[in-house]
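This structure is a prediction, so every number in the text was calculated from the model and none was measured. Ligands are counted one by one from 1 in listed order, and the atoms in each one are counted from 1 as well.
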Amino acid sequence: MGSQRVIVVMGVSGTGKTTVGRLLARALGVPYAEGDAFHPAANVAKMSAGIPLEDADRWPWLDAVGAWMRERGAPCGAVVAASCLKRVYRDRLRAAAPGGAVFVHLTGERGLIEGRMAARTGHFMPASLLDSQFAVLEPLQADEPGVAVDVAGTPPEITERALAALRTFEN
Ligand SMILES: Nc1ncnc2c1ncn2[C@@H]1O[C@H](COP(=O)(O)OP(=O)(O)OP(=O)(O)O)[C@@H](O)[C@H]1O
Ligand SMILES: O=C(O)[C@H](O)[C@@H](O)[C@H](O)[C@H](O)CO
């Protein structure tokens, strides 16, 4: 059997990548990785201080996420939550996954996402960085395998929506 595709749950901070990513992995019976866990400590310190990351900060992080995808995702598929705001970041992860990657872009109104971020406790990312996240965001382009999924509703509803959209990629 060849390498399996990895699902990357992407989107700006606070869209529910962790919440939905975990549920998706459970529904599919595959390993899950939290992309934030791969950030070098300096990146977390920067974001905690309210300073947006730059490309140079993100490359080592993306390479660490990509290494996990290659090692753990290859035999059976996997789900990874990682913002992947720019096309070039997604290109980097696609190149890392031998079985390919399909992106689930979680999208929603800024006000809804900001409200969820403001209510979240115990996380390093300040809601003040949301503007910079949207400024950098490049939505999926037509030639990128993936789906956009709206984050209105409950986590199980969003997960079902994502699973239904992903079925369009099955053959
Ligand atoms: N559908 C939902 N309805 C209500 N609250 C939600 C929903 N999805 C996520 N949340 C809450 O919103 C906050 C942000 O969600 P989560 O941490 O999953 O987002 P994220 O995209 O992984 O964020 P980050 O990129 O900043 O790590 C959390 O407190 C989470 O519990
Ligand atoms: O590229 C980025 O700016 C980062 O990956 C962020 O998106 C966060 O790690 C995450 O969203 C934290 O909450």
Original post:
Relative to the heavy atoms of Met125, which atoms of ligand 2 are at a distance of less than 4.0 Å?
Top reply: 12 (C), 13 (O)
**OP:** Give the atoms of ligand 2, by number and element, whose distance to some non-hydrogen atom of Lys17 is under 4.0 Å.
**Re:** 11 (O)
Original post:
For atom 11 (C) of ligand 1, which of Met125, Met117, Arg116 has the closest heavy atom?
Top reply: Arg116
Original post:
Looking only at non-hydrogen atoms, which of Pro156, Gly16, Gly153, Gly108 approaches atom 1 (N) of ligand 1 most closely?
Top reply: Gly153
Subject >> CD on Glu54 to CG on Asn43, rounded to 0.5 Å >> reply: 10.5 Å
Original post:
CZ/Arg110 to OG1/Thr15 distance, rounded to the nearest 0.5 angstrom?
Top reply: 13.0 Å
Consider ligand 1: state whether an atom of it lies below 4.0 angstrom from any non-hydrogen atom of [X].
X: His123; value: yes
X: Pro155; value: yes
X: Gly14; value: yes

Original post:
Does some side-chain heavy atom of Leu106 sit less than 4.5 Å from a side-chain heavy atom of Met10?
Top reply: no
Original post:
Is Arg94 salt-bridged to Glu144, cutoff N-O under 4.0 Å?
Top reply: yes
Original post:
Is ligand 1 under 4.0 Å from a heavy atom in the side chain of Ile158, in the backbone, in both, or in neither?
Top reply: side chain
**OP:** Check Thr154 against ligand 1 and report side chain, backbone, both or neither, counting heavy atoms closer than 4.0 Å.
**Re:** backbone
Original post:
What atoms in ligand 1 come closer than 4.0 Å to a heavy atom of Asp36?
Top reply: 27 (O)
Closest non-hydrogen protein atom to [atom], residue and atom name please, with distance?
atom: atom 30 (C) of ligand 1; result: Thr19 OG1, 3.8 Å
atom: atom 5 (O) of ligand 2; result: Ser83 OG, 2.9 Å
atom: atom 10 (C) of ligand 2; result: Asp36 OD1, 3.5 Å
atom: atom 1 (O) of ligand 2; result: Arg58 NE, 2.6 Å
atom: atom 24 (P) of ligand 1; result: Arg120 NH1, 3.5 Å
atom: atom 20 (P) of ligand 1; result: Lys17 N, 3.4 Å
atom: atom 26 (O) of ligand 1; result: Ser13 OG, 2.6 Å

**OP:** Report, as yes or no, whether the 6.0 Å neighbourhood of atom CZ on Arg26 holds more than 12 heavy atoms from other residues, nucleotides or ligands.
**Re:** no
Original post:
Would one find more than 12 heavy atoms of other residues, nucleotides or ligands at under 6.0 Å from atom CD of Glu114?
Top reply: yes
**OP:** Decide yes or no on salt bridge (charged side-chain N to carboxylate O under 4.0 Å, His left out) for Asp143 and Arg87, but give the supporting numbers first.
**Re:** CA-CA 11 Å; Asp143 63 329; Arg87 164 89 196 225; 2.8 Å; yes
Original post:
With Asp150, which residues qualify under salt bridge (Lys or Arg N to Asp or Glu O under 4.0 Å), at least two apart?
Top reply: none
Subject >> Any N/O pair Thr15/ligand 1 closer than 3.5 Å >> reply: yes
**OP:** Over 60° means perpendicular and under 30° means parallel, so classify the ring planes of Trp61 and His39, tilted if in between.
**Re:** parallel
Show me the donor-acceptor pairs within less than 3.5 Å that the side chains of residues 65-86 make with the rest of the protein, sequence neighbours left out.
unit_1, atom_1, unit_2, atom_2, d
Lys86, NZ, Asp55, OD1, 2.8
Lys86, NZ, Asp55, OD2, 3.3

Subject >> Contact summary for Ser13 and Arg120, nearest pair of heavy atoms >> reply: OG-NH2, 3.8 Å
Original post:
At their closest point, which heavy atom of Val8 faces which heavy atom of Ala101, and how far apart are they?
Top reply: CG2-CB, 4.3 Å
**OP:** Using distance alone, determine whether His39 and ligand 2 share an N or O pair under 3.5 Å.
**Re:** yes
Original post:
Do any heavy atoms of Trp61 fall under 4.0 Å from ligand 2?
Top reply: yes
